[in-house]
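Here's the structure, in structure tokens; my notes come after.
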Amino acid sequence: MRLRHPGRITVAVILILLVVLFVLDAAQRTAFDWPDVGKYLFDQRISQAALITLQLTVYSMVIGIVLGLILAIMRLSPNPVVKAVSWVYLWIFRGTPVYVQLVFWGLITLIYNSIIIGIPFVHTWDVIKIDWVPPLFFISVVGLSLNEAAYMAEIVRAGLLSVDAGQEEAAKALGMSWGQTMRRIVIPQSMRVIIPPTGNEVISMLKTTTLVAAVPFSLDLFGRARDISAETFVPIPLLIVASLWYLFFTSILMVGQYFLEKRFSRGIGRGRPAIENDPDAPVIVGGVGGVR
Amino acid sequence: MRLRHPGRITVAVILILLVVLFVLDAAQRTAFDWPDVGKYLFDQRISQAALITLQLTVYSMVIGIVLGLILAIMRLSPNPVVKAVSWVYLWIFRGTPVYVQLVFWGLITLIYNSIIIGIPFVHTWDVIKIDWVPPLFFISVVGLSLNEAAYMAEIVRAGLLSVDAGQEEAAKALGMSWGQTMRRIVIPQSMRVIIPPTGNEVISMLKTTTLVAAVPFSLDLFGRARDISAETFVPIPLLIVASLWYLFFTSILMVGQYFLEKRFSRGIGRGRPAIENDPDAPVIVGGVGGVR
Amino acid sequence: GCVDNSGGGSGGSGGDTGQKNAYGVTKDAALAKTLPGDIAKAGKLTIGIDATYAPNEYKDSDGKVIGWDVDLADAIAAKLGVTTDYTISKFDNIIPSITGGRYDLGVSSFTDTTEREKQVDFVNYYSAGVLWASAKGKNVDPDNACGLKVAVEAGTYEDTEEVPAKSKKCTDAGKAAIQVLKFDGQDQATNALVLGQVDAMSADSPITEYAISKQKDKIQAAGTTFDVAPYGFAVDKGSKLTDVIKNALQALIDDGTYTKILQKWGVDDGAVTAADVNAASKQ
Amino acid sequence: MTPVQRATTPDAARPMVEAVAVSKRFGGNEVLTSISLRVERGQVMCVIGPSGSGKSTFLRCINHLEVVDAGRLYVDGELVGYRERGDKLYELKPAEAARQRRDIGMVFQHFNLFPHMTALENIAEAPTTVKGMSRRDALERGRDLLARVGLASHAGHYPSQLSGGQQQRVAIARALAMDPKLMLFDEPTSALDPELVGEVLDVMRELADTGMTMVVVTHEMGFAREVGDAMVFLDGGVVVESGAPRELLANPQHERTKAFLSKVL
Amino acid sequence: MTPVQRATTPDAARPMVEAVAVSKRFGGNEVLTSISLRVERGQVMCVIGPSGSGKSTFLRCINHLEVVDAGRLYVDGELVGYRERGDKLYELKPAEAARQRRDIGMVFQHFNLFPHMTALENIAEAPTTVKGMSRRDALERGRDLLARVGLASHAGHYPSQLSGGQQQRVAIARALAMDPKLMLFDEPTSALDPELVGEVLDVMRELADTGMTMVVVTHEMGFAREVGDAMVFLDGGVVVESGAPRELLANPQHERTKAFLSKVL
Ligand SMILES: Nc1ncnc2c1ncn2[C@@H]1O[C@H](COP(=O)(O)OP(=O)(O)OP(=O)(O)O)[C@@H](O)[C@H]1O
Ligand SMILES: Nc1ncnc2c1ncn2[C@@H]1O[C@H](COP(=O)(O)OP(=O)(O)OP(=O)(O)O)[C@@H](O)[C@H]1O
Ligand SMILES: [Mg+2]
Ligand SMILES: [Mg+2]
């Protein structure tokens with residue numbers, strides 16, 4: 001007596017047929033130009049551009065995280081002015097599209113091409129011209145990381161707030177300074193809450209690097225693919241090549257992310273009483289090699 | 001005996017000074033061209049474009065939510081083929097940059113310009129030419145909503161999974177069909193978990209509409225601002241105008257979001273015993289006018 | 001049409017039999033008969049255009065596509081008794097869209113090159129060169145621009161051939177390469193120069209001249225026009241439409257409309273005397 | 001295995017539930033092993049057994065919330081969850097399974113009330129959506145039922161505003177609203193504070209008095225002794241012993257029964 | 001108010017804690033109202049009182065975890081949390097406040113061990129980071145202290161792997177590692193299961209025997225009677241009654257004290 005799922009099988013067969021049809025059709029469409037896809041997939045120019053995309057991602061994320069940490073701490077500061085400055089930063093950078101921000105950073109050298117020394121609207125003593133023009137790669141990293149910082153700030157803030165207030169108090173009572181408390185006690189514990197969404201941010205950043213075209217920086221994966229297609233008039237295969245590379249990177253990151261989340265959602269059964277009463281509170285990864 | 005915070009005040013004063021200096025300096029910089037900002041801020045072309053940006057946002061979100069719901073249900077289906085199709089969709093659309101996707105949709109008419117009737121690689125009976133060229137607005141909405149669907153699917157899925165399995169069981173035991181169970185029991189309860197992140201998605205979508213430039217659709221806020229600056233050679237003020245509009249819209253949405261989150265994180269103290277033992281489980285908004 | 005969506009909208013002239021085009025062009029029945037059947041039936045030419053190339057093709061303040069390229073294409077359509085239907089596209093995607101059968105015609109100041117001729121046929125209608133511009137008072141020599149920043153529009157002849165060749169000369173001589181800033185549209189490239197973001201820009205001579213005329217106090221020509229080459233309307237390789245367009249253009253040259261249009265836009269420097277096809281490979 | 005031959009008995013004599021060699025496994029784990037038993041019309045059958053013995057699983061099989069792996073289960077003479085065609089069994093379509101479930105009321109340990117509906121709406125929900133009853137009739141019927149379980153004044157309360165005992169009584173009323181011919185109870189009082197158990201058992205006792213056929217998984221031996229007509233003791237997925245509750249509780253025959261009863265009594 | 005004149009007493013005679021009219025408010029809510037009391041060197045002072053009476057707040061003021069609003073608090077003759085300059089008080093810079101806190105050990109109700117460090121690391125943390133002791137010395141000292149609280153074999157355990165009583169003993173060792181001259185205990189046993197209370201009280205009793213000055217908020221009257229040298233009863237933020245524990249517990253003078261003791265004893 002075996003289960004039979006006639007309805008389920010019908011749906012499955014229809015879906016499989018549709019997928020097969022789609023794939024066969026796609027294989028036949030000349031516009032996809034599969035031989036070209038194969039040809040350019042491992043083209044050296046593309047793989048070098050992929051490297052630059054990775055560099056953009058890594059640099060922007062690192063700076064974004066550091067700035068985000070600073071902004072998060074500012075947001076939690078008791079000083080209302082510091083708090084407000086951080087709030088305004090987040091408001092502006094989260095409230096405007098990153099594409100527009102990148103266009104803006106591309107034009108920044110136009111706006112700030114000189115340092116004006118003087119009393120605004122009253123008197124100008126001297127105008128020093130800024131001659132240094134930052135490379136586009138640099139501008140791209142600045143644009144991406146300043147935007148990212150606004151998002152990381154919220155993530156870090158949530159992480160810091162997730163650490164039980166008693167921890168900070170205990171450290172204070174031992175005579176630890178605010179900096180020591182942060183560095184040794186609060187930040188290590190907040191990592192559990194901070195790391196998983198940060199993984200998401202890395203994936204998202206990898207994809208956001210396509211927007212450096214707005215700067216305009218064009219040595220990244222997508223920019224390079226576009227350049228090649230401008231010469232060869234085959235935009236679609238190169239678009240596919242770029243997509244495959246992005247898909248490859250994001251897939252690796254997603255797998256990493258999966259394991260990270262698994263690792264960081266794991267807890268040890270018995271916690272402190274305070275924690276036991278409140279399963280919402282962070283479960284600390286203990287045991288050998290906890291979050292250190 | 002009043003508290004004195006000399007350190008705090010120093011920091012505050014320095015920060016305020018810096019902000020004031022920055023603002024005064026910005027007011028003086030000719031590149032910002034503030035009179036132009038004022039002139040274009042309420043330009044009718046800009047406000048019309050803002051309307052189109054809102055339309056893009058609304059249409060794309062609505063379609064994205066509907067598709068996301070379908071994909072989420074497919075992901076939860078017991079049928080492995082249906083599940084796999086949904087998974088692959090999410091993988092591709094989350095794994096590639098939306099900017100690249102939009103470029104691709106812009107070229108879609110190149111790829112699918114005809115319907116081939118035949119056996120792939122063997123015989124072609126007929127090729128029907130597709131003459132309809134979809135408007136760029138339409139393509140933009142399609143591109144944005146197909147991408148959004150992949151993100152909404154995960155949100156909806158988390159929402160559906162957050163509903164206690166006992167609810168579905170109880171409905172089934174009463175003889176309700178799967179559709180009735182979903183419509184009347186599961187979906188209303190999952191809203192509590194679905195709505196807050198959906199609010200985030202709306203804000204994010206509003207900003208993502210800038211990327212329709214990749215299609216290239218250029219009647220949206222950013223596209224129009226760019227077109228105007230192409231004529232007048234004043235990109236920076238127009239960039240500021242566009243940014244101010246985006247900031248205006250996102251601020252409104254953020255305020256709405258704030259109240260939504262407050263409303264949906266509110267629960268009623270006493271729950272069912274099953275829930276009382278598990279504060280992580282959804283707290284249901286009860287009382288008059290619950291989530292219906 | 002695409003009036004409602006593309007930000008461009010149809011130039012929409014030519015039009016019905018008997019109606020006069022803005023330049024007084026009327027339908028030539030004999031020429032109209034030679035139109036390929038599907039176009040005659042549709043009654044319109046589907047045209048891909050990247051409207052960021054003033055004055056050749058750009059958008060007016062209402063977002064309508066204008067320019068002398070547009071006027072010329074409209075006149076050709078009027079001669080043939082059909083309308084024009086412009087679709088805004090990115091420059092790099094126009095040729096693939098023609099070979100892909102999406103557009104009948106590409107009207108976007110294409111420089112006729114042998115490389116491009118492998119993809120499409122060109123009906124040559126103008127003779128343009130490349131002209132650099134630099135900031136006012138700052139002298140830039142295009143032949144010795146090593147290490148400078150030069151703005152171009154992505155995918156143009158300047159982007160793919162002219163500037164890279166100059167840059168290669170620099171690096172071959174052991175000097176710094178030219179830093180190329182590729183913008184999505186010519187408008188951004190021009191803005192970059194006007195605002196001083198780059199040292200120079202390189203574009204087709206009509207474009208550079210137009211920009212200079214608009215921004216006399218900010219930018220100036222750098223050197224003179226060089227690399228003179230024919231512009232061409234792009235048509236799918238081997239299409240019957242090629243000769244039809246060529247004949248219509250010739251008719252416009254003959255009846256003086258062609259000159260009228262060019263003069264109106266102040267670009268009659270590069271006028272040709274006869275319509276040609278694929279001039280690049282003939283040289 | 002060969003299909004069991006069903007005797008064509010007159011309606012009244014036909015048992016309400018008949019299990020013939022029912023087996024159920026989860027993965028490699030056999031949770032029910034060849035269970036056979038009968039519940040006659042109007043009887044209250046109590047099921048007892050240690051945790052993990054398969055009591056809930058058996059109830060869920062009766063209601064087709066779980067799919068039986070081997071054996072046959074009949075409710076009111078109708079094969080549950082399958083259609084017999086020739087020698088083969090075909091699983092019912094979801095719609096048909098839903099139709100079968102309508103006639104069987106089920107009350108869960110954790111009540112599973114719909115938290116976004118008031119007590120009255122909880123009761124009126126299934127009659128309107130499943131039976132197509134008019135909303136007005138359903139609400140009226142719901143009020144009657146609420147009165148019957150002693151909660152007439154709580155119609156507008158949401159589950160979160162009710163005590164556990166009140167919630168369970170609403171859950172019983174909700175099941176009754178579908179006019180079931182059989183009621184299944186899965187430890188209906190075990191999630192309740194001790195002072196709330198009585199009010200729920202009272203409602204169940206009244207229900208039994210009306211002649212409703214009931215299968216009750218419970219550890220309330222007092223209730224079983226007083227109200228139950230039959231009792232089975234399940235352990236490790238097999239029926240170890242069965243009989244009248246008074247006898248079984250007073251004189252268990254089997255060692256395992258004795259051991260279990262010594263712990264719970 | 002006028003500044004209190006401090007008597008220049010010799011070191012040994014100077015009280016360890018002296019509170020003079022200390023008041024503290026949270027918003028509009030006055031939690032401590034003009035508290036004055038002295039804890040002599042080597043004394044064990046027990047603080048009792050109903051929930052919300054301000055016991056924790058008072059301890060936290062001694063340690064400058066809360067800022068006093070009015071009055072003065074001295075620990076070992078030093079004004080806590082403020083610097084007196086002329087007639088005015090200036091709040092100490094964070095670094096100075098941290099220095100003051102080093103000499104005062106505090107044990108919390110919920111232990112507040114650092115969950116990402118082992119028991120030994122918890123103890124060695126402050127001596128290395130705050131006092132700049134070498135890691136080796138700190139670990140060695142830590143092992144001694146662990147042995148002293150009877151947990152020598154648990155050095156490598158993380159807090160989540162220790163029972164509540166063990167965690168609290170580690171917390172005491174952690175406070176002792178800074179060589180405090182005063183130890184504050186805030187209901188150190190109230191979060192513990194009853195069978196674990198004894199082991200913590202034993203450690204505290206031994207600590208008192210070594211001559212450590214201690215302020216203990218507790219409801220363990222047996223401990224207070226046996227170990228305490230003085231006792232205050234706090235209610236509504238005021239010291240209602242004080243005296244030797246035996247006397248106060250046996251013969252409370254005040255109505256409120258009587259009412260409170262009748263409940264907890
Ligand atoms: N969906 C399932 N998947 C896998 N195993 C299951 C599932 N449901 C129940 N089981 C297993 O089947 C066995 C019997 O479970 P069941 O819930 O029927 O026991 P029970 O007698 O009702 O116990 P209790 O008194 O604890 O409710 C248990 O070992 C349980 O782990
Ligand atoms: N940070 C704070 N902000 C506002 N009010 C506070 C704060 N801390 C304590 N309180 C209030 O001060 C009062 C005294 O609190 P405190 O914790 O000192 O009482 P307690 O005697 O320790 O009580 P318990 O025995 O419950 O620990 C309480 O009413 C409390 O609500
Ligand atoms: Mg059970
Ligand atoms: Mg307290």
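No experiment lies behind these values; they were computed from the predicted model shown. By convention in this document, chain letters (A, B, ...) are assigned in the order of the sequence lines, proteins followed by strands, and residues within each chain are numbered from 1.
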Taking A:Pro235, A:Pro78, A:Ser251, A:Ala225 one by one, which has the highest count of heavy-atom pairs under 4.5 Å against chain B?
-> A:Pro78

How many angstroms lie between atom CZ of A:Arg94 and atom OG of B:Ser204, to the nearest 0.5 angstrom?
-> 10.5 Å

For B:Val85, is it the side chain, the backbone, both or neither that has a heavy atom under 4.5 Å from a heavy atom of chain A?
-> side chain

Residue among B:Val103, B:Leu253, B:Leu206 with most heavy-atom pairs under 4.5 Å to chain A = B:Val103

Are the side chain of B:Lys207 and the backbone N or O of A:Val100 linked by a donor-acceptor pair below 3.5 Å?
-> no

OH (B:Tyr99) and CG (A:Leu211) are apart, to the nearest 0.5 Å, by 7.0 Å

Contact class of B:Trp245 relative to chain A, heavy atoms under 4.5 angstrom | neither

If one checks every heavy atom of A:Phe222 against chain B at 4.5 Å, the contacting part turns out to be side chain

To the nearest 0.5 Å, what is the distance between OG1 (B:Thr96) and OH (A:Tyr246)?
-> 10.0 Å

Atom group of B:Phe32 that falls short of 4.5 Å from chain A, counting heavy atoms = side chain

If the plane angle is over 60° it's perpendicular, under 30° parallel, otherwise tilted; pick one for B:Tyr112 and A:Phe22.
-> parallel

For B:Gly95 and A:Thr250, work out which heavy atoms get closest and say how close.
-> O-OG1, 2.9 Å

Search all heavy atoms of A:Ala12 against all heavy atoms of B:Val81 and return the closest pair with its distance.
-> CB-CG2, 3.6 Å

Please determine, among B:Val19, B:Ile92, B:Val82, B:Ile236, the option with the most heavy-atom pairs under 4.5 Å with chain A.
-> B:Ile236

Which residue out of A:Ile203, A:Val13, A:Val98, A:Leu15 racks up the most heavy-atom pairs below 4.5 Å with chain B?
-> A:Leu15

How far does OG1 of A:Thr210 sit from CD of B:Gln101, to the nearest 0.5 angstrom?
-> 10.0 Å

Would you say A:Thr208 and B:Pro97 make side-chain contact, with heavy atoms under 4.5 Å?
-> no

d(B:Asn79 CG, A:Ile9 CD1) to nearest 0.5 Å is 9.0 Å

